[in-house]
**Student:** 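Following this message is one structure expressed as structure tokens.
As the structure lists them, so they are numbered: ligands from 1, and atoms in each ligand from 1. When reading the values below, keep in mind they use all heavy atoms of this one structure, side chains included, and skip hydrogens, waters and symmetry mates. All values derive from a computational prediction rather than experimental measurement.
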Amino acid sequence: MPMRALKAIDPTIEYLLKKEYQRQQNTLSLIPSENIASNAVIEALGSVATNKYSEGYSGKRYYGGNEIIDRIETLAIERAKKMFGTEHANVQAYSGSPANQAVYMALLQPGDTVVGMALPAGGHLTHGWKVSFSGKSYRAVQYGVDKNGYLDYDEIADLVLKEKPQLVICGATAYSRIIDFKKFRQIADSVGAYLLADISHISGLVVGGVHPSPAPYADVIMTTTHKSLRGPRGALVMARSAEVGVKIDKAVFPGLQGGPHNHQTAAIAVCLKEANTTEFKSYAKKIIENAKVLASELENCDFSIVTGGTENHLFLIDLTNKGVTGQEAEDALSTVGIIVNKNMVPGDPRSPFDPSGLRVGTPSVTTRGLTIKDMKTLASIINDVTVQKPDRSVLKKAKDTVNELCKRYPAYPR
Ligand SMILES: *Cc1c(COP(=O)(O)O)cnc(C)c1O
């Protein structure tokens with residue numbers, strides 16, 4: 001991707017962006033929340049739509065000159081509604097966290113009770129964790145997972161009955177099993193609470209038809225657009241009813257934000273078009289196939305996989321039996337060009353800064369075209385490298401193999 005103007009004006013940033021491009025080309029990301037946006041998405045992001053102010057919504061803007069932006073935003077909205085099967089869609093939230101903040105603002109008063117998944121169990125900061133706005137301004141009560149790493153729906157039902165929240169949140173950042181949205185609906189209904197399905201991680205699987213959709217059950221669906229959906233950074237907030245939709249729109253603007261990021265909206269429209277193809281469906285299916293094979297191959301090498309496997313794009317490895325910490329494994333894999341992230345495991349006795357596990361996911365490598373055969377290669381590299389003090393020759397061989405894979409499956413051009 002040549003950046004001639006940038007090079008002339010700011011060679012330092014041009015150099016660093018080139019370095020980051022090369023880093024992405026020459027490493028494999030197994031971080032489940034990362035992906036590789038298409039050239040089409042990147043072009044829309046780098047467009048002059050970033051110059052335009054358009055506070056408000058289509059047809060009701062606070063600035064002139066929005067005829068074209070209205071058409072872009074309307075296309076993004078129509079595509080989102082069709083793709084997820086909802087009555088209403090807002091495409092203006094800057095990212096997932098502000099999108100969740102908008103949902104809180106739309107549906108709750110400060111101090112109201114929210115029940116969401118705890119961060120160390122696999123939830124998100126914005127699901128009520130204490131350092132986040134969601135845990136500071138609301139009365140957040142958290143659920144976790146059982147000792148095997150599964151959601152315990154009976155326990156969540158009891159918690160909700162006891163705490164009587166106004167909002168129940170389902171969805172996670174580190175949960176490898178299908179989420180039962182119907183059960184969450186019943187749980188929310190038991191106390192008349194709203195249900196928010198935060199499908200940030202799995203939305204690509206949902207629109208690809210390989211994970212059940214929350215659309216029949218959730219009052220609000222929030223998803224980021226840059227994870228398995230493979231678009232630009234951004235978020236969609238979708239509502240089942242027009243009534244909730246109006247509240248969401250007011251919360252996003254003027255409640256929380258000013259002008260929308262129109263270049264981002266254009267890129268979201270592009271990614272939704274890309275997601276509406278048979279190629280995307282096949283990609284979604286392969287993400288899960290790859291994750292299942294990678295997990296089972298690792299299990300064959302005596303790695304302990306939380307819940308014993310996966311039904312989606314990711315899984316957690318508990319490294320305790322390997323005598324290696326999550327940080328040590330992350331560092332060792334990084335030296336051979338495999339990028340993962342350390343993560344807490346259920347009942348982790350260690351701290352979040354130095355946890356016992358790794359979180360591993362396949363969206364990015366699947367986008368590059370890696371197959372189940374390559375997952376076997378990756379499992380064998382992870383097995384060789386994730387030991388105390390790996391041998392130099394072992395590291396060298398692993399790095400060579402990763403380099404070959406990177407060359408065979410470039411991140412760009414695509
Ligand atoms: C990533 C994520 C978010 C937040 O998205 P950002 O764009 O990083 O703010 C919210 N909820 C879940 C479940 C996520 O995985």
Side-chain angles (χ1 to χ4, degrees), residues 29-35 37 41 45 80 84 90-107 114-129 131-135 138 140 142-145 151 167-179 181 184 195-207 211 213-214 218 220-238 248 251-252 256-257 260-261 264-265 267-268 271 287 291 310 312-316 340-341 343-344 352 359-364:
S29 172
L30 290 175
I31 295 178
S33 49
E34 290 185 355
N35 215 321
V41 164
L45 268 181
F84 289 90
N90 183 300
V91 299
Q92 292 191 3
Y94 299 143
S95 209
S97 302
N100 275 344
Q101 197 175 4
V103 177
Y104 281 70
M105 195 172 183
L107 303 179
V114 181
V115 166
M117 194 176 192
L119 182 73
H124 191 260
L125 277 164
T126 56
H127 294 186
W129 194 241
V131 299
S132 132
F133 78 89
S134 60
Y138 299 88
Q142 307 261 274
Y143 60 86
V145 288
L151 287 171
L167 176 67
V168 173
I169 306 176
C170 60
T173 66
Y175 188 65
S176 62
R177 295 289 161 178
I178 301 262
I179 293 175
F181 298 117
F184 269 107
L195 177 65
L196 164 63
D198 179 349
I199 58 169
S200 291
H201 261 258
I202 56 172
S203 54
L205 307 180
V206 169
V207 301
H211 187 290
S213 168
V220 180
I221 300 174
M222 197 292 282
T223 180
T224 50
T225 46
H226 47 279
K227 296 178 185 170
S228 58
L229 197 54
R230 205 162 70 182
R233 309 199 81 77
L236 303 169
V237 187
M238 294 164 292
I248 297 283
V252 173
L256 277 170
Q257 299 186 172
H261 292 177
Q264 188 180 29
T265 306
I268 288 173
C271 102
I287 289 177
T310 177
N312 61 23
H313 63 303
L314 66 73
F315 54 88
L316 294 175
V340 291
N341 75 294
N343 215 93
M344 304 276 276
R359 188 177 68 144
V360 175
T362 52
S364 175

**Student:** Do we see a donor-acceptor contact under 3.5 Å between the side chains of Ser132 and Ser134?
**Tutor:**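 On atom types as modelled, these side chains qualify, holding a pair under 3.5 Å.
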**Student:** Going by the atom numbers of ligand 1, which of them fall below 4.0 Å from some non-hydrogen atom of Thr224?
**Tutor:**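 Per the distance check, 5 (O), 7 (O).
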**Student:** I need the contact type for Ser97 against ligand 1. Using non-hydrogen atoms and a strict under-4.0 Å cut-off, is it side chain, backbone, both or neither?
**Tutor:**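 Contact part for Ser97 vs ligand 1: both backbone and side chain.
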**Student:** By number and element, which atoms of ligand 1 are closer than 4.0 Å to a non-hydrogen atom of His201?
**Tutor:**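 The atoms of ligand 1 under 4.0 Å from a heavy atom of His201 are 15 (O).
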**Student:** Check the side chains of Ser364 and Glu34 for a donor-acceptor pair under 3.5 angstrom, ignoring hydrogens and angles.
**Tutor:**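 On atom types as modelled, these side chains do not qualify, holding no pair under 3.5 Å.
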**Student:** Might you confirm whether atom CZ of Arg233 has over 12 heavy atoms from other residues, nucleotides or ligands at distances under 6.0 Å?
**Tutor:**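 12 or below, so no.
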**Student:** Between Ser203 and Thr223, do the side chains contain a donor N or O and an acceptor N or O under 3.5 Å apart?
**Tutor:**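 Indeed, the side chains of Thr223 and Ser203 share at least one donor-acceptor pair under 3.5 Å.
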**Student:** Of all the atoms in ligand 1, which lie at a distance below 4.0 Å from a heavy atom belonging to Gly96?
**Tutor:**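 The atoms of ligand 1 under 4.0 Å from a heavy atom of Gly96 are 4 (C), 5 (O), 6 (P), 7 (O), 9 (O).
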**Student:** Please work out, at 4.0 Å between heavy atoms, whether the side chain, the backbone, both, or neither of Arg233 comes within that distance of ligand 1.
**Tutor:**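 For Arg233, no heavy atom sits under 4.0 Å from ligand 1.
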**Student:** How far is atom 1 (C) of ligand 1 from its nearest protein heavy atom, and which residue and atom name does that atom have?
**Tutor:**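 Protein heavy atom at minimum distance: Lys227 NZ, 1.3 Å.
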**Student:** Tell me which protein heavy atom sits closest to atom 7 (O) of ligand 1, plus the residue, atom name and distance to 0.1 Å.
**Tutor:**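 Checked against all protein heavy atoms, atom 7 (O) of ligand 1 sits closest to Ser95 OG, 2.4 Å.
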**Student:** Using only atom types and a distance under 3.5 Å, with no angle test, would you say the side chain of Asn35 pairs donor to acceptor with the backbone of Lys227?
**Tutor:**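 Flag set: sc Asn35 to bb Lys227 pair under 3.5 Å.
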**Student:** Looking just at side-chain N and O atoms, do His211 and Asn312 make a donor-acceptor pair shorter than 3.5 Å?
**Tutor:**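 Side-chain D/A pair, His211 to Asn312: absent.
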**Student:** Among all the protein's non-hydrogen atoms, which is closest to atom 13 (C) of ligand 1, and how far away is it?
**Tutor:**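 Its nearest protein heavy-atom neighbour is Asp198 OD2, 3.2 Å.
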**Student:** N/O to N/O below 3.5 Å, does that happen between Met222 and ligand 1?
**Tutor:**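 No, since none of the N or O atoms of Met222 sits under 3.5 Å from an N or O of ligand 1.
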**Student:** Hey, is Ser33 one of the residues with a heavy atom under 4.0 angstrom from ligand 1?
**Tutor:**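 Checking ligand 1 against Ser33, which is what was asked, there is no heavy-atom contact under 4.0 Å.
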**Student:** For atom 3 (C) of ligand 1, what is the nearest protein heavy atom, given as residue, atom name and distance?
**Tutor:**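 Heavy-atom neighbour on the protein nearest atom 3 (C) of ligand 1: His124 NE2, 3.2 Å.
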**Student:** For Ser213 and Phe84, which heavy atoms make the closest approach, and how far apart are they?
**Tutor:**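 Taking every non-hydrogen atom into account, OG-O, 4.4 Å.
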**Student:** If we set the cut-off at 4.0 Å for heavy atoms, which region of Ala172 has an atom near ligand 1: side chain, backbone, both, or neither?
**Tutor:**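 Contact part for Ala172 vs ligand 1: backbone (N, CA, C, O).
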**Student:** Below 4.0 angstrom from a heavy atom of His226, which ligand 1 atoms are there? Numbered from 1 as shown, please.
**Tutor:**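 Counting atoms of ligand 1 from 1, those under 4.0 Å from His226 are 7 (O).
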**Student:** Any chance the side chains of Asn341 and Arg359 put a donor and an acceptor closer than 3.5 Å?
**Tutor:**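 Side chains of Asn341 and Arg359: pair found under 3.5 Å.
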**Student:** Could you walk me through whether Thr310 and Leu314 pass the side chain to side chain contact (heavy atoms under 4.5 Å, CB included) check?
**Tutor:** CA-CA 7 Å; Thr310 177; Leu314 66 73; 5.7 Å; no
